[in-house]
Peer 1: 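Before we start, here is the structure in question, set down as C-alpha cells.
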Amino acid sequence: MVAVARGDADVVLTAGALDGVAATRAHIEKLADATEPTYGVSTGFGALAVRHIPVERRAALQRSLIRSHAAGAGPEVEPEVVRALMLLRLRTLATGRTGVRQSTVETLAAVLNAGILPVVQEYGSLGCSGDLAPLSSIALALMGEGEVRYRGELVPAADALAAEGIEPVALAEKEGLALINGTDGMLGQLALAITDLHGLLDVADLTAAMSVEALLGTDRVFAADLQALRPHPGQAESAANITAFLADSPIVASHRGPDCPRVQDAYSLRCAPQVHGAARDTVTHAETVASRELSAAVDNPVVLPDGRVESNGNFHGAPVAYVLDFLAIPVADVASMAERRTDRMLDVARSHGLPPFLAHDPGVDSGHMIAQYTQAAVVAELKRLAVPASVDSIPSSAMQEDHVSLGWSAARKLRKAVDGLVTVLAVEYLTAARALDFRAPLTPAPATAAAVALLRERVPGPGPDRHLAPEIAAAEDLIRSGALLDAVKRRTV
C-alpha cells in the first residue's frame with residue numbers, strides 16, 4: 001500500500017480476482033431481476049432502505065447516490081491519502097464480495113495507474129457506513145464528473161479520463177454502495193502513520209542518545225540485563241538502539257567511574273527506553289489491527305460465496321478509530337520527553353557546563369531559546385491532538401446511523417501529530433548536535449558523530465547571527481527522508 005500511495009507503483013489485477021468479481025456479479029444480476037427487493041440492489045439506502053426502486057430508475061439511483069454523497073468540504077487531502085483510498089477500495093472490490101462488474105474494477109485500476117487523483121476534501125466522513133464523502137469523490141471521478149488533479153493541474157474528471165482513453169463508468173445495481181461503503185481512508189492513513197512511526201521512533205532513540213551524551217549522562221541504565229527485568233519488547237529494542245548509538249563514546253567514557261559525583265540522570269534521559277518502548281509496543285498493536293483490516297472485505301451489503309446478499313455492520317470504523325487515537329497518545333508523550341531533554345541542554349543550572357541556551361555569545365544572541373519555544377508549542381498542540389475522537393459520536397441519517405466512529409477525524413489528527421513529532425525531534429537533533437560541538441575537544445560516539453557530521457553538511461555549527469528556521473527545516477528533511485538514520489546506521493553496523 002505504501003509503494004502505491006507514496007511510490008506511485010502500478011497495480012495489476014489478477015485473472016483469478018477478475019473471475020471472482022464476474023461470478024459474484026452474476027448473483028447480483030439475478031437479484032436485480034427478482035420481484036423481492038434486496039437492500040442495495042433494488043432499494044434505497046440508509047433511512048430510505050424501505051423504498052423499493054423500479055428497474056428503470058436504478059441506474060439513476062446509483063448516480064444520485066454518488067452525486068449526493070460527494071458532499072465534502074474544506075481543503076484537499078494529501079495525494080498519498082487519495083491513492084491509498086483508491087488502492088484499498090480496489091482491493092476490496094477485487095475480493096469478489098461486493099458485487100460490482102469487472103469493468104468497474106478495471107476502470108478504477110486504470111484511473112489509479114494513470115495518476116489521476118480525484119479531489120478529496122478534509123471533511124465529510126463520520127467513519128461509519130464507510131468513509132462516504134471521500135470515497136464518493138473518487139466514485140464521482142470514475143463517472144467522469146467532478147474535478148481531479150492530473151499532471152499537476154486541476155481539471156474536470158471527464159477531460160482527464162479522455163486524455164488517458166478511459167471510458168467513464170455508468171454505474172449499475174449495487175455499484176454505488178460498493179464504491180463508497182468502506183473504511184479505506186482510515187486504514188490508509190493508519191498504515192502510512194505506522195510506516196512513519198517505525199522510522200521516527202528510531203530517530204527518537206538517536207536524539208535521546210545524543211542528548212544523553214551532551215548532558216554527560218550515563219549509558220549504564222540501558223544495559224540489556226536491566227531492561228530484561230521488565231520484559232517489554234519495545235523497551236528492549238529502544239534500549240539496545242541507544243546503547244548502540246552511544247558505543248565507544250569518548251564523552252561517556254570521560255565521566256565513567258567512581259570519581260563521577262552524579263548518581264542518577266533525569267527521567268527524560270534515564271527512562272527513554274521505557275517511554276519509547278511503550279510507543280513501539282503500541283505501534284505493534286496497531287500493526288495487528290491494520291493487518292486484519294488489510295485482509296477484510298468491508299462493504300454493506302456483502303455477497304457471500306453462496307450468492308446470499310446480507311446486510312452487516314462491518315463498515316463501522318471503531319477497530320481502526322481506536323488505534324488511530326491510541327497512536328496519538330505515545331506520539332505526544334515521546335515528543336514531550338524530547339522537549340524536556342532539549343530544555344535541559346539550554347539551562348545552565350542543569351546542562352553541566354554548557355553555555356546558556358547554547359548561545360555563541362550569551363546575551364548578544366539567544367542561541368536555541370526560541371527553538372525550544374517552537375518545540376514546546378508543538379508539544380502543546382500534540383497533547384490536544386491526543387484527545388480521542390472515537391469516544392465521540394454524532395448521530396446521522398435520521399437516527400438510522402445513530403452511532404459513528406469518527407475514525408476519519410482520528411486519522412486526520414494522527415497525521416498532524418506525526419508531522420509535529422518530526423518537528424520536535426528535529427529541534428532536539430539540532431540542539432544536541434550544537435551541545436556536542438561545545439563538548440570539544442571531547443568527541444562523541446561514532447554513531448552520533450555521524451549524525452552531527454550529516455547535519456553540518458546542511459547547517460553551520462556554533463556561531464553568531466544564525467537563522468534557526470531554515471536549520472529546523474533542514475533537520476526535518478533529514479529525518480523525513482531517512483538520510484539521518486541511513487548515515488548513522490552505516491557507522492553502527
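Basis for what follows: all heavy atoms, side chains included, without hydrogens, waters or symmetry-related copies. Quick note: residue numbers are just sequence positions, from 1. All of these numbers come straight from a predicted model, not from anything done at the bench.
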Peer 1: Is the shortest distance from a Lys or Arg side-chain nitrogen in Asp202 or Arg280 to a carboxylate oxygen in the other one below 4.0 Å?
Peer 2: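 Yes.
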Peer 1: In sequence, state the C-alpha distance, the side-chain angles, and the governing distance for Arg151 and Glu164, and then conclude on salt bridge (charged side-chain N to carboxylate O under 4.0 Å, His left out).
Peer 2: CA-CA 11 Å; Arg151 297 181 180 176; Glu164 293 290 336; 3.6 Å; yes
Peer 1: Using a strict 4.0 Å threshold on nitrogen-to-oxygen distance, state whether Arg412 and Glu78 make a salt bridge.
Peer 2: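 Salt bridge present between Arg412 and Glu78.
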Peer 1: Look only at the side chain of His232 and the backbone of Gly234, and say whether a donor-acceptor pair between them is shorter than 3.5 Å.
Peer 2: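 Absent.
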Peer 1: Measure across Val334 and Ala204 and return the closest heavy-atom pair with its distance rounded to 0.1 Å.
Peer 2: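 Minimum heavy-atom separation between Val334 and Ala204: CG1-CB, 3.9 Å.
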Peer 1: Do Val391 and Pro388 touch side chain to side chain, with heavy atoms closer than 4.5 Å?
Peer 2: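 Val391 vs Pro388: side chains touch.
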Peer 1: Do the non-hydrogen side-chain atoms of Pro305 and Arg97 ever get within less than 4.5 Å of each other?
Peer 2: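 They are in side-chain contact.
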Peer 1: Go through the steps to decide whether Ile138 and Val120 satisfy the test side chain to side chain contact (heavy atoms under 4.5 Å, CB included), and finish with yes or no.
Peer 2: CA-CA 7 Å; Ile138 291 169; Val120 176; 4.2 Å; yes
Peer 1: Looking only at atom types and distance, does a side-chain atom of Lys413 sit under 3.5 Å from a main-chain N or O of Leu385, one as donor and one as acceptor?
Peer 2: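 Confirmed, Lys413 side chain pairs with Leu385 backbone.
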Peer 1: Classify the side-chain pair Glu476/Thr423 by whether it contains a donor and acceptor separated by less than 3.5 Å.
Peer 2: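 Present: a donor and an acceptor within the cut-off.
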Peer 1: Quick one: are Ile370 and Leu468 in side-chain contact, heavy atoms under 4.5 Å?
Peer 2: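 They are not in contact (no side-chain heavy atoms under 4.5 Å apart), so the answer is no.
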Peer 1: If we count only N and O atoms by modelled type, under 3.5 Å, do the side chains of Ser390 and Asp325 hold a donor and an acceptor together?
Peer 2: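 Per modelled atom types, Ser390 and Asp325 side chains form a pair under 3.5 Å.
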Peer 1: Under 4.5 Å between any side-chain heavy atoms of Leu177 and Pro301, yes or no?
Peer 2: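 Counting from C-beta outward, Leu177 and Pro301 do come under 4.5 Å.
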Peer 1: What's the verdict on side chain to side chain contact (heavy atoms under 4.5 Å, CB included) for Asn181 and Val298, showing C-alpha distance, side-chain angles and the deciding distance?
Peer 2: CA-CA 7 Å; Asn181 220 325; Val298 177; over 6 Å; no
Peer 1: Consider only side-chain N and O atoms of Glu339 and Gln372, and report whether a donor and an acceptor are under 3.5 Å apart.
Peer 2: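 Present: a donor and an acceptor within the cut-off.
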Peer 1: Does Lys383 reach the main-chain N or O of Asp333 with its side chain, forming a donor-acceptor pair under 3.5 Å?
Peer 2: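 Absent.
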Peer 1: Hey, could you give me each pair passing side-chain hydrogen bond (donor to acceptor under 3.5 Å, both in side chains) that has a residue in residues 8-22? Not counting sequence neighbours.
Peer 2: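 The answer is Asp8-Arg83.
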Peer 1: So Val418 and Leu192, do their side chains get closer than 4.5 Å, heavy atoms only?
Peer 2: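 No, their side chains stay 4.5 Å or more apart.
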Peer 1: Within the supplied structure, the quantity of interest is the number of heavy atoms (other residues, nucleotides, ligands) at a distance under 6.0 Å from Tyr150 OH; does it exceed 12?
Peer 2: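 Counting other residues, nucleotides and ligands, OH of Tyr150 exceeds 12 neighbours.
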Peer 1: Any donor-acceptor pair under 3.5 Å linking the side chain of Thr24 with the backbone of Val21?
Peer 2: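 No.
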Peer 1: Could you check whether any side-chain N or O of Ser291 sits under 3.5 Å from a backbone N or O of Glu287, counting only pairs where one atom can act as donor and the other as acceptor?
Peer 2: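 Looks like yes, one N/O pair under 3.5 Å.
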Peer 1: Checking side chain to side chain contact (heavy atoms under 4.5 Å, CB included) for the pair Arg101/Thr104: CA distance, chi angles, key distance, verdict?
Peer 2: CA-CA 5 Å; Arg101 293 168 299 165; Thr104 300; 3.6 Å; yes
Peer 1: Test your reading of the model: is there a side-chain donor-acceptor pair from Arg91 to the backbone of Ala296, 3.5 Å cut-off?
Peer 2: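 Yes.
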Peer 1: Less than 4.5 Å apart, side chain to side chain, heavy atoms only: is that true for Asn241 and His276?
Peer 2: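 The answer is no, as the side chains (C-beta and beyond) never meet within the 4.5 Å cut-off.
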Peer 1: Is Asp299 paired with Lys174 through a side-chain N to carboxylate O contact shorter than 4.0 Å?
Peer 2: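 Asp299 and Lys174: salt-bridged.
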Peer 1: As a quick check of understanding, evaluate side chain to side chain contact (heavy atoms under 4.5 Å, CB included) for Arg415 and Val77, giving each step before the final call.
Peer 2: CA-CA 11 Å; Arg415 284 186 69 82; Val77 302; over 6 Å; no
Peer 1: For the pair Thr431 (side chain) and Thr342 (backbone), establish whether a donor and an acceptor sit closer than 3.5 Å, ignoring hydrogens and angles.
Peer 2: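 Such a contact is absent between Thr431 side chain and Thr342 backbone.
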Peer 1: Say you draw a straight line from CG of Leu187 to CG of Leu85; how long is it, rounded to the nearest 0.5 Å?
Peer 2: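 That separation rounds to 10.0 Å.
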Peer 1: In plain terms, say whether Arg480 and Asp196 are close enough for a salt bridge, that is, a side-chain N and a carboxylate O under 4.0 Å apart.
Peer 2: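 Salt bridge between Arg480 and Asp196, a charged N being under 4.0 Å from a carboxylate O: no.
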Peer 1: Would you give the length of the straight line joining atom CG of Leu179 to atom CG of Leu90, rounded to the nearest 0.5 angstrom?
Peer 2: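 It comes to 10.0 Å.
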Peer 1: To check you understand the geometry: which heavy-atom pair defines the closest contact between Val11 and Val4, and what is its length?
Peer 2: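 Reported closest heavy-atom pair: CG2-CG2, 4.0 Å.
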Peer 1: Roughly how far, to the nearest 0.5 Å, is CD of Gln189 from CG of Asp184?
Peer 2: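 CD of Gln189 is found 11.0 Å from CG of Asp184.
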Peer 1: Using only heavy-atom distances, determine whether the side chains of Glu428 and Ser211 contain a donor-acceptor pair under 3.5 Å.
Peer 2: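 There is such a pair (donor and acceptor under 3.5 Å, judged by atom type) between the side chains of Glu428 and Ser211.
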Peer 1: Could you check whether any side-chain heavy atom of Arg25 comes within less than 4.5 Å of a side-chain heavy atom of Glu29, counting everything from C-beta outward?
Peer 2: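 Of all side-chain heavy-atom pairs linking Glu29 with Arg25, at least one is under 4.5 Å.
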Peer 1: Holding to salt bridge (charged side-chain N to carboxylate O under 4.0 Å, His left out), I want the full list of residues that pass it with Arg308, two or more places apart in sequence or in another chain.
Peer 2: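 Only Asp306, Glu310 meet the salt bridge (charged side-chain N to carboxylate O under 4.0 Å, His left out) criterion with Arg308.
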Peer 1: Taking all non-hydrogen atoms of both residues into account, name the closest pair between Leu455 and Ala433 and its distance.
Peer 2: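 Shortest heavy-atom contact: CD2-CB, 3.6 Å.
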Peer 1: Taking all atoms of both residues into account, what is the closest heavy-atom pair of Ala328 and Leu414, and its distance?
Peer 2: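 Shortest heavy-atom separation between Ala328 and Leu414 comes out as N-CD1, 3.8 Å.
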Peer 1: When you measure from the side chain of Arg63 to the backbone of Arg67, do you find a donor-acceptor pair of N or O atoms at a distance under 3.5 Å?
Peer 2: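 Side chain of Arg63 to backbone of Arg67: no pair is present.
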Peer 1: Would you mind reporting whether Gln121 and Pro75 have side-chain heavy atoms less than 4.5 Å apart?
Peer 2: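 Not in contact.
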Peer 1: Distance from Thr92 atom OG1 to Leu135 atom CG, nearest 0.5 Å?
Peer 2: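 Here the rounded value is 9.5 Å.
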Peer 1: Would you say Asp402's side chain and Ser396's backbone share a donor-acceptor pair under 3.5 angstrom?
Peer 2: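 No, the answer is negative, given that no donor and acceptor are paired below the 3.5 Å cut-off.
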Peer 1: Does the Thr207 side chain pair with the main chain of Tyr429, one donor and one acceptor, at a distance under 3.5 Å?
Peer 2: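 Between the backbone of Tyr429 and the side chain of Thr207 there is no qualifying donor-acceptor contact (under 3.5 Å).
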Peer 1: If you round to the nearest 0.5 Å, how far is CG of Leu61 from CG of Leu171?
Peer 2: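 It comes to 10.0 Å.
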Peer 1: Please give me the minimum heavy-atom distance between Val459 and Leu430, naming the atom from each residue.
Peer 2: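 Scanning both residues, the minimum pair turns out to be CG2-CD2, 4.3 Å.
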Peer 1: Can you tell me how far the OG1 atom of Thr282 sits from the CD1 atom of Ile194, to the nearest 0.5 Å?
Peer 2: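 If I round to the nearest 0.5 Å, the distance is 11.0 Å.
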Peer 1: Looking only at heavy atoms, which two atoms of Gly176 and Gln62 are closest? And how far apart?
Peer 2: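 Minimum heavy-atom separation between Gly176 and Gln62: N-OE1, 2.6 Å.
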Peer 1: Tell me, yes or no, whether the heavy-atom count around Phe326 atom CZ, taken from other residues, nucleotides or ligands under 6.0 Å, exceeds 12.
Peer 2: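 Counting other residues, nucleotides and ligands, CZ of Phe326 stays at 12 neighbours or fewer.
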